[in-house]
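Inspection log for the structure reproduced underneath, given as structure tokens.
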Amino acid sequence: MKSLITITCFCLFTTIATAQKVVPNNLKVLEGAWVGTLTYLDYVSGKPFTMPTSTTYQQSGNNPNIYLRSISYPTEPHANQNDSIIISTDGTMLDGYKIISNKQLAEGGIEIISEKKDIDGNDNKGARIRHIFLITKNTFTNKKEVLFEGTDKWLLRNTYSFTKQ
């Protein structure tokens with residue numbers, strides 16, 4: 001009986017621990033070209049602003065834990081950038097944010113949620129920052145939420161919404 005309980009607890013712990021990790025194949029569907037919008041909260045006016053954007057992702061040939069990203073803003077080309085998404089070696093971090101959830105969705109997509117303490121806002125306040133990635137074969141959304149220290153209300157800071165080209 002003790003053995004059965006031990007095995008059951010081990011299996012449960014392993015399942016829970018595995019669910020909080022990301023592996024390179026989780027992001028493989030991002031490869032290619034995407035077009036969409038960026039909507040962000042303007043902290044000065046308090047109103048959302050939406051602009052067109054496009055992005056491409058490609059897994060690095062040198063390191064499978066790195067996905068190279070190019071993002072462009074047709075109406076604000078000075079903001080265009082090339083960067084990357086990096087999965088930690090142990091899979092528990094995504095761009096320095098701790099993976100708090102990694103779920104397979106019923107329709108075949110994936111939802112990854114990551115968080116870290118950082119600063120945000122025009123006055124550089126301490127905050128907990130959360131990224132919510134919803135990735136399917138044809139759609140990709142990355143939401144950034146902010147919980148400022150001393151508050152209990154999450155703010156939607158920005159949302160990238162893309163469709164596959």
Side-chain angles (χ1 to χ4, degrees), residues 5-32 34 36-43 46 48 50 53 55-60 63-71 81-164:
I5 292 171
T6 303
I7 290 170
T8 303
C9 288
F10 175 77
C11 289
L12 181 61
F13 175 76
T14 303
T15 302
I16 291 169
T18 303
Q20 310 314 314
K21 293 186 177 190
V22 172
V23 296
N25 277 349
N26 290 142
L27 302 183
K28 195 77 171 160
V29 70
L30 284 177
E31 288 190 313
W34 300 81
T37 59
L38 164 62
T39 301
Y40 64 87
L41 177 63
D42 180 345
Y43 281 157
T50 300
T53 186
T55 189
T56 59
Y57 285 87
Q58 179 182 359
Q59 191 173 28
S60 170
N63 184 337
N65 284 23
I66 298 175
Y67 279 83
L68 307 173
R69 178 179 75 161
S70 174
I71 190 159
Q81 59 184 317
N82 294 312
D83 60 11
S84 59
I85 291 180
I86 301 172
I87 302 167
S88 64
T89 305
D90 65 2
T92 62
M93 306 282 281
L94 190 60
D95 276 346
Y97 288 71
K98 181 179 180 177
I99 304 298
I100 62 168
S101 176
N102 180 358
K103 296 181 199 171
Q104 291 293 320
L105 304 176
E107 57 276 2
I110 188 171
E111 177 193 69
I112 300 168
I113 302 175
S114 62
E115 285 186 4
K116 80 173 182 177
K117 287 188 176 185
D118 208 346
I119 56 170
D120 196 72
N122 294 339
D123 50 359
N124 296 316
K125 289 183 180 178
R128 178 178 292 152
I129 299 176
R130 174 187 297 162
H131 284 276
I132 303 168
F133 300 91
L134 294 171
I135 308 166
T136 70
K137 186 170 78 170
N138 297 311
T139 62
F140 169 44
T141 303
N142 176 1
K143 293 181 182 182
K144 177 182 176 184
E145 296 179 341
V146 177
L147 178 66
F148 288 106
E149 289 178 0
T151 67
D152 60 359
K153 183 179 177 189
W154 286 92
L155 298 174
L156 179 59
R157 179 66 167 119
N158 64 47
T159 303
Y160 283 94
S161 297
F162 295 105
T163 55
K164 192 84 157 206

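Between Pro24 and Pro64, the shortest heavy-atom contact is CB-O, 3.3 Å. Looking at every heavy atom in both residues, Leu105 comes nearest to Leu134 through CD1-CD2, 4.2 Å. Heavy-atom minimum distance, Ile110 versus Gln104: CD1-NE2, 3.8 Å. Nearest approach of Asp120 to Phe148, heavy atoms of both residues: O-CE2, 3.4 Å. When all heavy atoms of Val29 and Thr136 are compared, the pair lying nearest together is CG2-O, 3.6 Å. Of all heavy-atom pairs spanning Lys21 and Ile99, the tightest one is N-CG2, 4.2 Å.
Tested against Phe133 for a side chain to side chain contact (heavy atoms under 4.5 Å, CB included), the candidates Asn142, Leu30, Ile113 yield a single pass: Asn142. Tested against Ser84 for a side chain to side chain contact (heavy atoms under 4.5 Å, CB included), the candidates Asn63, Leu68, Asn65, Asp95 yield a single pass: Leu68.
Salt bridge Lys98/Glu115: absent, no basic N to carboxylate O contact under 4.0 Å. With respect to the salt-bridge test (charged N to carboxylate O, under 4.0 angstrom), the residues Arg128 and Asp118 do not qualify.
Between Trp34 and Phe162, the ring planes are perpendicular. Angles over 60° get that label, and only those under 30° would be called parallel.
Taking OG1 of Thr141 as the reference point, atom CD1 of Ile132 lies at 10.5 Å (rounded to 0.5 Å). From Ser101, atom OG reaches atom CD of Glu111 across 5.5 Å, with rounding to the nearest 0.5 Å. In this structure, the separation between NZ on Lys117 and CD1 on Ile129 is 12.0 Å, given to the nearest 0.5 Å. Residue Glu145 holds its CD atom at 10.5 Å from CG of Asn158, rounded to the nearest 0.5 Å. Here Thr39 contributes atom OG1 and Arg157 contributes atom CZ; the two are 12.5 Å apart, rounded to the nearest 0.5 Å. Summarising the geometry, atom OG1 belonging to Thr55 is positioned 5.5 Å from atom CZ belonging to Arg69; distances are rounded to the nearest 0.5 Å.
Looking at Tyr160 and Lys144, their side chains never come closer than 4.5 Å, going by heavy atoms from C-beta outward. Between Asn138 and Thr163, the closest side-chain pair of non-hydrogen atoms is not below 4.5 Å. For the pair Lys164/Lys137, no side-chain contact is recorded, criterion being any heavy-atom separation below 4.5 Å from C-beta on. A heavy-atom distance below 4.5 Å is found between the side chains of Ile85 and Leu94. A heavy-atom distance below 4.5 Å is not found between the side chains of Leu27 and Tyr57. Looking at Gln58 and Tyr67, their side chains never come closer than 4.5 Å, going by heavy atoms from C-beta outward. A heavy-atom distance below 4.5 Å is not found between the side chains of Glu149 and Thr151. The shortest distance between side-chain heavy atoms of Asn26 and Asn102 falls below 4.5 Å.
For NZ of Lys143, the number of neighbouring non-hydrogen atoms (other residues, nucleotides, ligands) closer than 6.0 Å is 12 at most.
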field: Worked verdict on Val23 versus Ile87 for side chain to side chain contact (heavy atoms under 4.5 Å, CB included)
entry: CA-CA 7 Å; Val23 296; Ile87 302 167; over 6 Å; no
